[in-house]
Amino acid sequence: MNNSELAFIKGVASLAAGQAPGLVKGIGDDCAVLQRHDDEVLLITTDTLVSGVHFNLKWHPPHLLGRKAAAVNISDIAAMGGVPRYALLSAALSPELSDGDLQEFMNGFVEILKEYDVVLVGGDTVAAPCPTFNITLLGEMSGAEVCYRAAAQDGDEIWGSGFLGEAAAGLALCEQMENVPEQFAPLVQAHLNPQPRIALGRVLAASGHVHAMLDLSDGLATDLAHICTASGLAAQVDANKLPLSATIEKAAAFLGCDARQWALSGGEDYELLYTVAPGTGEALARQVEEELGLQVSRLGQMNSGQGVFLMEDGHKRQISYQGYEHHL
Ligand SMILES: [Mg+2]
């Protein structure tokens, strides 16, 4: 997302402001939230992938592209703490994608839907100058457990799952070389085939301890800025606490890049970022590790003010909205 996209979304949000029966949350979070029955809510999200902007068929196998197209939407359901249920797929097709490629794309798409118990219920196909896929995903959960971006509180601890910057490092490797060394395969996989954190989102939402949550699609600096803006707070990230894998450090040395920059401003990690009351993060981290075998790390703290700040060697600098801008 870049500044003009942000400005556009702000404009649309003000045009669309209003209330409708059953509307719990409209524009401004990972999903829209609609009241269903009793305490159940329906979660709705949509995302578009355009060839040459969001994916490159030179290195993205169609099977993995199909998986990723679904995964990035499933991730938005995870970001609220929900369970994905139904998908719609609209495909704009061009000769750039052969019939065989399209079949592979659909195989990957349906494969990941099955893994997450999601049913494809509709869609559309049209001809277009370049391949484009739009997916709408519907999920459900208890309305009382939904984790919104606007719910962070002053003093909250900020936590995130997994390693950061992996997908950005994988993209950089794919862009710069045809045969990426085998040791960097986990980074390339993170870029080509991200894993949405549905099980983690459920555990976090059901714990009752999470205040704000979202998924990291545009990079830590930008996504944390969304929580700050929505919650009317500032955030401080400790540069020494960024969860970097040994593999990303090696890739950074190999390409002459800064692994911490990938972690802060690289997009598409699809890990979950959440805030909890001071003193409650460690116990929740242990529960996540015991139940799911997943690592979560403390990244920083929410406080009063505005903007996202990085604490590095005693210096504090603002890093808000330095995230992913879509690559060609
Ligand atoms: Mg999201």
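Here the structure is a predicted model, which is why all the values come from computation and not from measurement. All ligand and atom numbering here is 1-based and tracks the order in the structure.
- Put simply, D30 gets within reach of the Mg ion (ligand 1), with an N, O or S atom under 2.8 Å from it.
- Atom CD of E40 has more than 12 neighbouring heavy atoms from other residues, nucleotides or ligands inside a 6.0 Å radius.
- Among the heteroatoms counted here (N, O or S) of D215, OD1 is the one nearest to the Mg ion (ligand 1).
- When you scan the N, O or S atoms of D76 for the one nearest the Mg ion (ligand 1), you land on OD1.
- Comment: E145 engages R202 in a salt bridge, judged by a side-chain N to carboxylate O separation of less than 4.0 angstrom.
- Using bins of under 30°, 30° to 60° and over 60° for the plane-to-plane angle, the ring pair W59/H191 lands in the tilted bin.
- Within a 6.0 Å sphere centred on CG of D99, other residues, nucleotides and ligands contribute 12 heavy atoms or fewer.
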